[in-house]
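All residue numbers refer to positions in the sequence shown, counting from 1. When a ligand or atom number is given, it counts from 1 through the structure's own listing order. All heavy atoms count here, side chains included; hydrogens, waters and symmetry mates do not.
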Amino acid sequence: MGAPLTKALYLVDSYMKEAEANVVSVKDGKYVVLDQTVFYPNGGGQPYDKGKIVRAGEDFGVVYVGKFSGEISHEVDHAGLQEGEKVHLILDWDRRYKLMRSHTAAHVVASLLNQGTGALITGNQLDLDHIRFDFNLESFDRQVLEEYLCKANRLFGTDVPVKWYELPREEAMKIPGVIKMAGAFPPDLPSLRIVEIAGVDKQADGGTHVKNLREVGQVVLLKTENKGKSNRRIYFKLN
Ligand SMILES: [Zn+2]
């Protein structure tokens, strides 16, 4: 597989809300590949971005963004965009920023849980109104989870920087716990993108995050579920 056609601007600057781009290809009138994009494609537990692609005053609503065969495809609400056209990209920033805050919050809670109980996260899904985690833990107590969220909230009230950078694969794999998801293996690439929450968590991750834990705000527990012998599920949300 060659280099991807599209430059993923969100991986470098998650605060980029608009950008210029060129249309590389259009399939079935509605599936648009660009030379660069600010739109995050659905994946890694983080939902896709919405927004619009503007061509000379005409808006094309972006209704879905996915990665197919390694390429980022933007599904727009009506046909008309043509290969080679220059366009302006505008993110639905409210949606994205909430997902960024949620994603960073999820890393902090997962890391505290993992450090405190040894639990491995077996699944996670961010949504606009909640954050969901699955993890394996024998003993399970709502009050204990409340305490972990309390700890997390104390961190969200302080200045803790969040950074992201590429590391050569070999070097990245030496970081203890760099792969947090049980059974998840990093893609076979020469370098891995690391998201580091200073003093809290360091892991390979392709999502978008806030630059400081203060931006998260606070989180509250919604509900907990038993999904089997040691499978637990927790829902929480940004307050
Ligand atoms: Zn993540």
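- Under the 30°/60° scheme for interplanar angles, the aromatic rings of His103 and His209 are found to be tilted.
- Val24 places none of its side-chain heavy atoms less than 4.5 Å from the side chain of Leu34.
- Geometrically, Arg95 engages Tyr48 in a cation-pi contact defined by less than 6.0 Å to the ring centre and at most 45° from the axis.
- In summary, Glu225 and Lys223 engage in a salt bridge, as defined by a charged side-chain N under 4.0 Å from a carboxylate O.
- Ordered by chain and number, His103 NE2, His107 NE2, Asp205 OD1 make up the set of protein N, O or S atoms under 2.8 Å of the Zn ion (ligand 1).
- Listed by chain and number, the residues in a ring pair (Phe, Tyr, Trp, His ring centres under 6.0 Å) with His88 amount to none (sequence neighbours excluded).
- Checking Tyr40, Tyr15, Trp164, Trp93 one by one against Tyr10, the ring pair (Phe, Tyr, Trp, His ring centres under 6.0 Å) holds for a single residue, Tyr40.
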